[in-house]
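Below you'll find the structure, written out as C-alpha cells, and then a few comments.
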Amino acid sequence: QRQLRRDIGPEVCQYLSELSKKVIAEAAPPESEILVKRALLERLEAISKTIVPDAKLIAFGSLVTGFATANSDLDVIFTGGDRVDILNESSDDPSSNFRIPMLLESKLQEEGFGTTLLTKTRVPILKLVQKATEQSPYELQCDIGFSNHLALYNTQMLLTYSKCDPRVKEMMIFIKWWAKRRHINNPYRGTLSSYGYALIVLHYLINVVKPPVLPNLQTFPVPDSAPTNEIIFEGDSDDTFEIWFYKDIEKLPKSDNAMDIGELLKGFFEYYAHNFQWGREVVSIRTKGGLMTKQEKGWVAAVIKPGRTENSEVKNRYLFAVEDPFETEHNVSRTCNGPGVNRIKDEFKRAVWLIRVRDGGKTLFQNLCME
Ligand code: GTP
Ligand code: MG
C-alpha cells in the first residue's frame, strides 16, 4: 500500500506507452491472417452465388475498420436476391423467413464448414467456423447477417474516425485486447461487445480529453439536416435513420492534442473508473458533449413488451447505456447484465489502481492485461 501514491509522475505514462506498444504488436493479426480472411470471404461469396446468382457478401466490423485483433471474427452481410425473397416477409409461416439462410447453411455444410443458424435473433444470423488446416493455420469464425445495413455505415464512420488520427487505432486495439483478456468483452455473457468499447473510446477522444484528439464528425460542421441521400430506411417498421457524418477529413485541422498513447490510456481508465456516472449518464457520441441522461432518453426502466415474459435480459437493458450513433433508440450495451456491469466497473478501477503502483512499472506490466 505504501507504494501507492495519488500524485503519479510522468514515468507512469511512459510505462503504459511501452506496454501498449508490446500489446499492439502481440494483438494485431499477422498479414497472413488477413489474407486468409479475405480468401474465405471470396469463397463464401462464390458459394452464395450458387444459391442466389446476384449474391454479394459485404464485410463490416473489424476487418474493415482495422481494429481487428488476432482471431477476430469476420462479420459479413449477405445481399442480393429480393429482400422479400430472402426474408420472405410476406409469408405468414415464420419458418419460411429462413429459406435462403437454410439453403446456404446446408450448402456450406456440404463444403465442410461447421454452421449454426440463429433463428431467435431479429434477423437470421448464420455462424460458421472453418477449421484450421495445413494450408490455412487459423480457425476462422464468420457471422453472416441477412440484414442490418446500418452496420455498414457505422463501420465506415469508425474507419473515418480512425483515419483522423493514428492514436485511434492504437487505443482501440489496446482496449479490445485488455477487455478480451480480462473477460469483459463478451456480449453473450453479460458484458460489452467490441463495438461498445469502440464507442466509449471515441467518446473519450472526442469529448473528454482536453484538447480533444477527434472532432465530432456528426456535428462538425453542423449540418442543417442530413442530405436526403443520407437517410436510410431499415427495420421492421421501415424506420428512418440519418446516417450523415462528415467525411472530408483532409480538410480538418490536425488535433492540438499531443499526448502519447500512455497518457491517453491513463485518462481513459480514470474517466470510466471515477467520472462517468454509470447509473445516470448515456454515452452518445452523436451529441455535442457526448453525454445524455437516461432520464432524457427515457432509458430508465426496461420496457417489457406485452405478452413477453419478464426475463433478465429485458430487465437489465439500461444498466449501462451507450447509444448507437445512427440507430439512436438502440442501446449497444443492452447485453450487459448486473454482474457484467459490475465486473466492467471493477476492471476500470483495477486498471487505475495498477497504474498508480510505483514499482517501476513491474506490477502494471505483469497484471494489466493478465488473462
Ligand atoms: P471483433 O469482432 O471483436 O474484432 O470486433 P469488431 O470491431 O468486429 O466488433 P463487433 O464484432 O462487436 O461488431 C461488428 C460490427 O457490428 C460493428 O462494427 C458495428 O458495425 C455492428 N454493430 C451494430 N450494432 C451493434 C451492436 O449492438 N452490437 C454489436 N456487437 N455490433 C453492432
Ligand atoms: Mg467482429
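Ligands are counted one by one from 1 in listed order, and the atoms in each one are counted from 1 as well. The structure displayed is predicted, hence computed values, not measured ones.
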Quiz item: Can you tell if the side chain of Y272 reaches within under 4.5 Å of the side chain of I344, non-hydrogen atoms only?
Solution: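 In short, these two side chains do not touch, never coming nearer than 4.5 Å.
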Quiz item: Got C142 and I144 here, is their nearest side-chain heavy-atom distance under 4.5 Å?
Solution: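 With C-beta onward as the side chain, the pair touches.
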Does [X] have a heavy atom less than 4.0 Å from any atom of ligand 1?
X: E327; result: no
X: T65; result: no
X: M172; result: no

Quiz item: Just checking, K297 and Y318: is the charged tip under 6.0 Å from the six-membered ring centre and within 45° of the axis?
Solution: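 So K297 doesn't make the cation-pi contact.
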Heavy-atom contacts with [X] under 4.0 Å: which atoms of ligand 1 show up? List them by number with element.
X: K180; value: 3 (O)
X: S193; value: 12 (O), 28 (N), 29 (C), 30 (N)
X: R334; value: 27 (O)

Quiz item: Which residue from Y197, F60, Y195 reaches closest to atom 15 (C) of ligand 1 through any of its heavy atoms?
Solution: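 Selected option, by shortest heavy-atom distance: F60.
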Self-check item: Residue pairs involving residues 197-219 (criterion ring-ring contact (aromatic ring centres under 6.0 Å, His included); sequence neighbours excluded)
Solution: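 The answer is H203-Y271, Y204-F268.
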Exercise. May I ask you to check whether S194 has an N/O atom sitting below 3.5 Å from an N/O atom of ligand 1?
Key: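 Among all N and O atoms of S194, at least one is under 3.5 Å from an N or O of ligand 1.
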Quiz prompt | Sub-6.0 Å ring centroid separation between F348 and W178 | solution =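 That pair passes the under 6.0 Å test.
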Quiz prompt | Sub-2.8 Å protein N, O or S atoms surrounding the Mg ion (ligand 2) | solution =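 Listed by chain and number, the atoms are D73 OD1, D75 OD2.
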